[in-house]
Participant: 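Before I ask anything, here is the structure I am working with.
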Amino acid sequence: MNNTSADAPRSAAGPGGTGSPDPRVHSRENPRGASGPASGQASPGSSQGSLGRPSGRRRWTSADLSLIAVFAALTAVFSVLPGVPLGAGVPITLQTLAVMLTGMLLGPWRGAAAVGLFVLAGLAGLPVFSGFSGGLGVLAGPSVGYLLSFPVAAAVAGLLSGLVLRRPRRARAVLLFAAALATSFIVVHPAGIAGLMLNAHLSFPAALAADMAFWPGDVIKNVLASVVAVNVFKAFPSMATPGRGSR
């Protein structure tokens, strides 16, 4: 019996008769294609870096940027509050309290960004430094070492506090205090002494003696920063998660 057009099997050509395979058949046979996920899409849960390598870092969100701006403003407020003048020309202020607290709460990258934004705003001329001062002229002052160390101090405080937050909550306040105090003596005070020697033309013993006047106040400010940080972490546990603020 002769096959009619209705009885003839479908040819390999597509509906248009162009000789190309039916794409619907191809999609049913191999929905992902021969080389993996279709259209070059990455599998769920994987993040690709600029060179195609997986990356576990997340980019900052609008909430991260808002926190950076808020803590930059907080550092400025603590800076312009009236300080205690000293003979070396560097007053005792609450700046280091804000710097350590920013690093502890925001982590190293957001903390450094917030304090760096504060420093850049002051160098640009905004009166956010001690005594409502600002501008590039502060780079010639005796406090330049302390000032330029603040973004680095926030990053180090964030890194050390991140190590503390990976441990059980036992003695967390004491460990955060130790992290902040270590940051002060590893980063802030050496840079401050160098600035005093450079711009105030002090010898090392004289600069060290001038810097020692800040030590008792730094201990108190670091205690306050650690206590505040512990209470904030209790109220907002998400701020104490590992990898906070990575980008």
Side-chain angles (χ1 to χ4, degrees), residues 72 75-76 78-104 108-109 111-164 174-226 229:
T75 307
F78 279 34
S79 177
V80 299
L81 289 175
V84 179
L86 296 178
V90 183
I92 298 176
T93 67
L94 296 178
Q95 288 180 101
T96 50
L97 170 60
V99 169
M100 298 303 169
L101 188 60
T102 299
M104 288 181 184
W109 308 118
V115 179
L117 178 60
F118 155 75
V119 173
L120 289 177
L123 294 178
L126 295 180
V128 296
F129 296 149
S130 178
F132 293 96
S133 61
L136 295 177
V138 299
L139 297 178
S143 62
V144 62
Y146 298 103
L147 186 64
L148 296 182
S149 73
F150 287 162
V152 179
V156 174
L159 287 171
L160 295 179
S161 64
L163 297 177
V164 172
V174 175
L175 294 175
L176 287 176
F177 164 72
L181 193 64
T183 302
S184 294
F185 285 98
I186 292 173
V187 179
V188 178
H189 291 286
I193 292 173
L196 289 171
M197 295 175 63
L198 179 64
N199 287 349
H201 307 291
L202 299 178
S203 64
F204 175 74
L208 177 61
D211 179 76
M212 289 176 66
F214 298 104
W215 294 8
D218 270 6
V219 171
I220 296 173
K221 286 181 283 187
N222 287 327
V223 168
L224 292 175
S226 60

Participant: Which pair of non-hydrogen atoms, one from Ser133 and one from Ser130, has the smallest distance, and what is that distance?
Facilitator: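 For Ser133 and Ser130, the tightest heavy-atom pair comes out as OG-O, 2.9 Å.
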Participant: Measure from the ring center of Phe78 to the ring center of Phe118 and say whether it is less than 6.0 Å.
Facilitator: no
Participant: If you look only at pairs with a residue in residues 179-188, which of them pass as a side-chain hydrogen bond (donor to acceptor under 3.5 Å, both in side chains), with sequence neighbours excluded?
Facilitator: Ser184-Asn222
Participant: Any side-chain heavy atom of Val156 within less than 4.5 Å of one from Ile186?
Facilitator: no
Participant: Looking at every heavy atom in both Ser149 and Val187, which two are closest together, and how far apart are they?
Facilitator: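 Of all heavy-atom pairs spanning Ser149 and Val187, the closest is O-CG1, 3.8 Å.
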Participant: Let's go through Thr93 and Leu81 carefully: what are the C-alpha distance in whole Å and the side-chain angles of both, what is the deciding distance for side-chain contact (heavy atoms from CB on, under 4.5 Å) to 0.1 Å, and is it a yes or a no?
Facilitator: CA-CA 7 Å; Thr93 67; Leu81 289 175; over 6 Å; no
Participant: Can you find a pair of side-chain heavy atoms, one from Pro151 and one from Val119, that are under 4.5 Å apart?
Facilitator: yes
Participant: Could you tell me which residues satisfy side chain to side chain contact (heavy atoms under 4.5 Å, CB included) with Ala206, sequence neighbours excluded, listed by chain and number?
Facilitator: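 Counting only residues at least two positions away or on another chain, Ala206 forms a side chain to side chain contact (heavy atoms under 4.5 Å, CB included) with Leu202, Ser203.
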Participant: Ser79 side chain to Val128 main-chain N or O, any donor-acceptor pair under 3.5 Å?
Facilitator: yes
Participant: Where is the tightest heavy-atom contact between Phe177 and Val219, given as atom of each residue plus distance?
Facilitator: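 Reported closest heavy-atom pair: CE1-O, 3.6 Å.
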Participant: Return the CG to CG distance between Leu181 and Leu160, rounded to the nearest 0.5 Å.
Facilitator: 11.0 Å
Participant: Of all the heavy-atom pairs spanning Met197 and Ala207, show the shortest one and how long it is.
Facilitator: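 That closest heavy-atom pairing would be CG-CB, 3.6 Å.
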Participant: So which atom in Leu101 and which in Ala229 form the shortest heavy-atom distance, rounded to 0.1 Å?
Facilitator: CD1-N, 4.0 Å
Participant: Nearest 0.5 Å, what's the CG-CG distance between Leu163 and Leu176?
Facilitator: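 If I round to the nearest 0.5 Å, the distance is 11.0 Å.
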Participant: Please list, chain by chain and in numerical order, all residues satisfying side chain to side chain contact (heavy atoms under 4.5 Å, CB included) with Ala121, sequence neighbours excluded.
Facilitator: Leu126
Participant: Which heavy-atom pair separates Ala155 from Pro108 by the least distance, and what is that distance?
Facilitator: O-CB, 3.4 Å
Participant: Can you list everything that forms a salt bridge (charged side-chain N to carboxylate O under 4.0 Å, His left out) with Asp218? Sequence neighbours excluded, please.
Facilitator: Lys221
Participant: Would the distance check show the side chain of Asn199 and the main-chain N or O of Gly141 forming a donor-acceptor pair, the cut-off being under 3.5 Å?
Facilitator: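 A pair under 3.5 Å: yes.
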Participant: Side chains of Leu123 and Leu139: closer than 4.5 Å at any heavy-atom pair?
Facilitator: yes
Participant: Sequence neighbours excluded, which residues qualify as ring pair (Phe, Tyr, Trp, His ring centres under 6.0 Å) partners of Tyr146?
Facilitator: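 Ring pair (Phe, Tyr, Trp, His ring centres under 6.0 Å) check on Tyr146 returns Phe214.
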Participant: Under the ring pair (Phe, Tyr, Trp, His ring centres under 6.0 Å) rule, collect the residues that match up with Phe185, sequence neighbours excluded.
Facilitator: His189, Trp215
Participant: Taking the side chain as every heavy atom from C-beta outward, state whether Pro91 and Val84 have any atom pair closer than 4.5 Å.
Facilitator: no
Participant: From Ser161 OG over to Leu175 CG, what is the distance, rounded to the nearest 0.5 angstrom?
Facilitator: 11.0 Å
